[in-house]
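It should be emphasised that the depicted structure is a prediction, and the values quoted were computed from it without experimental measurement. Numbers restart at 1 for each chain; the letters A, B, ... are given by sequence-line order, proteins then strands.
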Amino acid sequence: MDIIAGLNPAQKEAVQTIEGPILIVAGPGSGKTRVIAHRVAYLITVCGTSPYHVLAVTFTNKAAREMKERIYHLLGRTVEGLTLGTFHATCARMLRIEAERIGIDRNFLIYDDSDQINLLKRSLEHLGLDPKQYPPRGVGAAISSAKARLLAPAEYRAVVGSYFEEITSRVYERYQELLRESNALDFDDLIMRTVHMFRNHPDILARYQSRYVHVMIDEFQDTNFAQYTLSRQLGGKYRNICVVGDPDQSIYSWRHADLRHILDFEKDFPDARVLYLEQNYRSTGVILKAADHVISVNQERKPKGLWTENKAGEALVVAEAYNEQDEAYFVVNEVEKLVRSGKWRAGDCAVMYRTNAQSRAIEEAFIRYGFPYRLVGATRFYERREVKDVLAYLRLIHNPHDGVSLSRIINVPVRGIGQRTFAEVVKYAGEKGLSLYPALKRIAAEGGADIPLGTRSKQALADFVSMVEEFASLNREADLVVLFDAILEKTGYKRFTLESVDGEERWENILELRNVADGYRDLEPGESLARFLEEVALVSDVDNLEEKADAVTLITLHQAKGLEFPVVFMVGVEEGILPHSKSITDPAQLEEERRLCYVGITRAKEKVYLVHAFRRSLMGSSALNPASRFLADIPPELIKSPSRTPAASESPVATRIPAGHEPVKEPAAAAPSLSLKAGDHVSHARFGEGVVVNCAASGGDHQVTIAFKGDAGIKRFLLSLAPLMKL
DNA sequence: CGAAAGGCTCTTTTT
DNA sequence: GAGCCTTTCG
């Protein structure tokens with residue numbers, strides 16, 4: 001198969017330029033993923049490079065998987081030996097292989113965010129610091145930033161410049177000690193430790209450098225200093241380093257990504273070739289033009305000449321809703337119309353928002369109208385309590401030094417090991433210089449001779465230990481699923497879950513996790529657990545986004561990067577939301593918000609809706625947000641307002657309600673005794689005159705939202721109960 | 001020892 | 001409006 005056929009001239013050049021450093025600046029929809037896949041295929045088939053010598057780094061596991069599939073299709077066979085994955089996954093693999101050399105246990109666990117918070121809390125506690133004064137999150141962010149800059153505790157200590165940093169450096173030291181004791185690494189460690197390994201062990205570096213003759217990094221605009229350094233290390237020998245990215249889509253500075261790496265690539269590699277992919281194959285002309293107007297306002301950027309041969313297409317729809325419920329209603333109603341038109345399917349549509357919290361109102365509307373949707377993120381699967389609990393058991397079995405997991409499940413379900421008992425164990429472990437579980441084992445073995453606890457507590461501890469030991473031996477002999485089921489039964493977790501609130505749903509989640517575990521049945525007993533835990537630690541939600549289901553996708557703007565949809569609804573396009581209030585005062589952050597907006601618009605192939613709400617409840621109270629400044633940067637001729645139903649009244653509140661508010665079909669709602677719709681004037685026995693803002697089915701009744709003219713403001717009633725009169 | 005209830009602070013984005 | 005922590009009672 002001809003690898004080059006079907007590529008445009010710029011793409012061809014990008015694929016065929018395989019020697020020396022090369023920077024590919026690829027605008028949205030310019031076939032970037034395609035170029036990387038073709039480049040790998042080209043290296044292997046045309047240049048005869050062994051896949052073993054190729055390293056390709058992607059931003060998400062999903063991107064890696066897609067890349068693998070594309071390469072498979074291009075070559076017509078699977079590729080053995082190719083290294084293709086995220087920075088984190090790739091580093092984890094290398095660290096496990098080299099573990100002994102750098103003095104870490106190769107069974108190390110990867111701690112996620114909440115594990116990290118846990119451990120930070122313990123670090124603060126050890127140091128006698130008040131978590132109110134030094135919030136674990138803030139300290140954690142500072143530590144993470146240090147790690148992204150490759151500063152180990154001692155190096156960080158040397159550069160502290162404020163009191164807070166001084167405190168941070170002390171916590172950092174303690175935190176690293178606890179990580180080591182738990183035999184765990186956090187996300188940032190994976191990168192930092194790898195870079196340090198290469199620095200301290202030139203022979204190891206030389207080995208990998210010789211292996212990776214060709215290095216490719218995708219989404220280069222989102223690399224942080226540690227990742228950048230790693231890229232340079234790996235590509236240091238042959239210098240066949242190909243980086244691909246788009247500065248305008250850099251949206252991860254808060255994860256310490258630094259735009260300079262891509263902007264200054266030519267400085268770091270003076271002999272670098274720079275190629276531009278500027279033809280867009282994704283979006284209509286209008287969408288591309290609108291996006292370009294939005295991004296052009298940024299100062300810190302190189303202008304690009306994006307163009308497309310696609311048709312001009314429809315104008316963007318800008319709509320104002322009254323509040324977030326109304327906004328959600330507008331979206332559902334609009335999707336419903338699109339689907340009814342026969343031109344679109346639900347699966348063609350995506351709703352994108354700045355913050356996860358915004359998904360709730362949208363989700364509720366979709367549920368209420370019985371419309372299929374899939375939510376990416378929010379309470380992410382692997383962050384659910386029941387999933388984390390079961391994983392904690394598995395992690396403890398795999399790595400008995402994992403204190404975070406132990407403390408998570410030692411009394412879940414309750415088994416008579418309360419705070420007091422546990423505190424004694426912690427104290428005992430500290431005195432003996434043991435990590436928690438080994439300390440427990442010793443207590444159990446010695447009958448708890450020198451620990452001030454009652455017989456009941458001691459017995460509970462001993463029972464716990466013997467149970468975990470049973471699991472450990474099962475892990476050595478049996479299938480992972482067998483171990484999994486044994487845990488659920490023996491610990492009583494199954495019953496515990498089913499009897500809890502939302503038990504059914506939580507049990508479903510556990511079964512879903514069990515399915516994942518089942519995928520590891522063909523491996524050696526202990527090995528399957530190791531692999532399972534590794535992969536579970538590194539997956540993100542986008543990774544599991546299945547294309548099949550015909551449902552509307554609900555997703556954050558950040559997660560949407562790299563994806564595309566025929567129809568995109570961006571909601572909450574308001575000052576304070578997008579741009580986010582936390583970013584409004586800092587010009588650099590504001591530019592990032594603008595890029596986020598740009599990313600959102602450029603996800604769309606054919607239709608874009610930009611929706612903002614007049615009023616929005618945030619953290620309990622409600623705010624009045626003006627439309628986002630970004631909207632003002634789109635030329636009016638590219639925008640149309642939604643077709644409105646004739647104004648039902650002159651009320652300023654009612655006219656704010658966007659178009660098409662004839663209710664979508666109500667699934668299980670009884671006919672209301674009094675029929676009301678948005679815009680109707682009503683009178684309430686107690687609150688006086690007002691205007692109906694919304695009227696929607698709710699549990700066999702209708703919930704009616706009314707804006708009163710007097711001091712009463714906005715209130716909601718059940719239609720059947722409220723003393724209302726239509727005027 | 002554990003469950004339940006009340007009071008506190010916040011919520012940006014995630015590998 | 002919710003999770004998290006502390007307090008209180010059984």
What pairs with [X] under side-chain hydrogen bond (donor to acceptor under 3.5 Å, both in side chains), at least two apart in sequence or on another chain?
| X | result |
| --- | --- |
| A:E574 | A:R616, A:N625 |
| A:H558 | A:W254 |
| A:R232 | none |

Legend entry - Paired and unpaired positions of DNA chain B as dot-bracket, Watson-Crick or G-U wobble under 3.5 Å, | denoting a partner strand: ||||||||||.....
Inset, instruction - Quick one: list whatever passes salt bridge (Lys or Arg N to Asp or Glu O under 4.0 Å) with A:R137, sequence neighbours left out. - result: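 Residues passing salt bridge (Lys or Arg N to Asp or Glu O under 4.0 Å) with A:R137: none at all.
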Can you pull out the residues from [range] that lie within a 4.0 Å heavy-atom distance of DNA chain B?
| range | answer |
| --- | --- |
| residues 569-582 of chain A | A:H580, A:K582 |
| residues 82-93 of chain A | A:T86, A:H88 |
| residues 592-600 of chain A | none |

Inset, instruction - Would you mind reading off the distance between A:R137 atom CZ and C:dG3 atom C1', rounded to a whole angstrom? - result: 11 Å
Legend entry - Same-atom distance (C1') from B:dT13 to C:dC4, integer angstrom: 22 Å
Inset, instruction - Could you tell me which residues satisfy ring pair (Phe, Tyr, Trp, His ring centres under 6.0 Å) with A:H88, sequence neighbours excluded, listed by chain and number? - result: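 A:H88 satisfies ring pair (Phe, Tyr, Trp, His ring centres under 6.0 Å) with A:F187 once adjacent residues are dropped.
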Legend entry - For A:A184, side-chain contact (heavy atoms from CB on, under 4.5 Å) partners two or more places apart: A:L109, A:Y111, A:L179, A:S182
Can you give me the N/O atom pairs linking the protein to nucleotides 5-9 of chain C at distances under 3.5 Å, or say none if there are none?
{"unit_1": "C:dC5", "atom_1": "OP1", "unit_2": "A:K121", "atom_2": "NZ", "d": "2.7"}

Inset, instruction - Could you list all the side-chain hydrogen bond (donor to acceptor under 3.5 Å, both in side chains) pairs where at least one residue sits in residues 578-588 of chain A, not counting sequence neighbours? - result: A:S583-A:Q589, A:S583-A:E593, A:D586-A:Q589
Inset, instruction - Tell me which nucleotide among C:dA2, B:dT15, B:dT14 gets nearest to the side chain of A:T556. - result: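 Of all the options, the side chain of A:T556 is nearest to B:dT14.
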